[in-house]
Amino acid sequence: MNRRHFLQGMLAGAAGLTVPGLRPTQAQSRPNVLFIAVDDLNTWTGCLGGHPDAQTPNLDRLAARGMLFTHAYCPAPICNASRTAVLTGLRSSTSGVYWNSAQRQHFRRFPQTAEHITLPQHFMQHGYRTLRAGKVFHYDDPASWDEVYDAERIAGIDSFDRAHPAHNGIAGLPEELDWGPLDLSDEDLTDWQVVNWAAERLDRGFDQPFFMGVGLYRPHLPWFVPRAYFELFPPEAVALPEVLPHDRDDVPAIAVDNVFERANTHQVIVEAGAWHTAVAAYLASITFFDERLGQLLAALDASAYADHTVIVLWSDHGWHLGEKQYWSKDVLWEEALHIPLIITAPESASIPVAPGSQCARVVSTLDLYPTLAEVCGLPPRGGLDGVSLGPLLQNPDADWDRPAISTRDYMNHSIRTAQWRYTRYVDDSEELYDHVTDPLEWHNLAGDSQYDDVKAALARYLPEVNLPSVPKPANQSDD
Ligand SMILES: [Ca+2]
């Protein structure tokens, strides 16, 4: 405890309040949770090696503090569906929350989930104070939080504005797909403000264990970050993803349908000579995120809670930057589904996690709800679709035969096992990829009858409950 904390403690003690960070009470014996949700971060990180030029020193340091899951997948490839699944512990096909719309796709509006106890609420019911800074739910759930903070958005920087000076100037792209350097400092951006609020809140202290959600917005579009980050990635020096021309020739038509596709985004970018600059802009945005993560971890480490806090970092889904001639998320392919997931847990947790450990088993962030409950010693909650990753946190090589299931709208499911990705769409079209021989998913084997048994074995994992999807408006944004 530094002198400032000591003095604060003295003052608080004199006022008869609980002294932050001193003697944990009975309720405080449970570890705190720092729950970090990253927006649109794929595996282009140092520790996951998804891109050779990625620079994420703080994320890599966080991975070294706990367990890095090298094969973690999101339950759905768009923000609202994925976050709702993680925070309710229910698949899209169980909740009926398949896509983005504040009015029509909020789980509280659906009878089956109107009274559902969310992950933060489960902690709240067991003596935790719950807080959120930034975007954790895609559309917030006030019942889940005791305290919330939203930074004030800056017009044209955190939203989409073709008139912004950083606008890339390329005609024909979807409005959201924009990038460019800002002549602003880190402090001007909402992610800095979100982390700064979290830091101040940690410094003020708690008199009960806390569950703090921190939502970091970058590398979500638009890729507007301060110029210094762009200077780290000269476009001519960054590698492009490895891509097979005409990769889509063996893919069913139903696999893609959104504004990015209808705008022929890949063709527009290639013809504008902008593929390298777009990749560089995404990498710059990732390193901006990584700096905010470093800022947050430094605040935790300077607080009274450094040694008694479980840290979870996850991304809501991945992103394509030209793989399969596609840009964005919202598809059931590896680049849109494979995500970073890191869990650290101190000695005081019910399941401590060995620093520097890695787990290569296929897991889903659907499992975070039961996992965090177990790691923190809370009673399990029934009726969830996921299971605790506790056995893997104790032994990353433990037997694990659960696939990761990702769902995109009604009755489109993708089953990922250690060897296979099998996708079955609502119109019965299929994809099958062998990740042992084809890690980039170039060759769809679904039409080859020699794999009928493989497909049949994987199809047994398809969810049996499939709630109908509320009809989607034609002009639906892919936010
Ligand atoms: Ca292909």
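These numbers come from the heavy atoms of this one structure, side chains and all, not from hydrogens, waters or symmetry mates. Both counts, for ligands and for their atoms, begin at 1 and track the order of listing. Note that this is a predicted model, so its numbers are computed, not measured.
Listed by first then second residue, pairs satisfying ring-ring contact (aromatic ring centres under 6.0 Å, His included) with a partner in residues 48-67 read W44-H51, not counting sequence neighbours.
Residue-environment remark: CG (D399) stays at or below the threshold of 12 foreign heavy atoms within 6.0 Å.
The N, O or S atom of D250 lying closest to the Ca ion (ligand 1) is OD1.
Not a single N/O/S atom of D249, whether from backbone or side chain, sits less than 3.0 Å from the Ca ion (ligand 1). Put simply, D247 gets within reach of the Ca ion (ligand 1), with an N, O or S atom under 3.0 Å from it. Inclusion of L244 in the first shell of the Ca ion (ligand 1) is not supported: no N, O or S atom falls under 3.0 Å.
When each of F289, W327, W319, Y217 is checked for a ring-ring contact (aromatic ring centres under 6.0 Å, His included) with W223, only W319 meets the rule.
For D60, the side-chain contact (heavy atoms from CB on, under 4.5 Å) test picks out C47, T56, with sequence neighbours left out.
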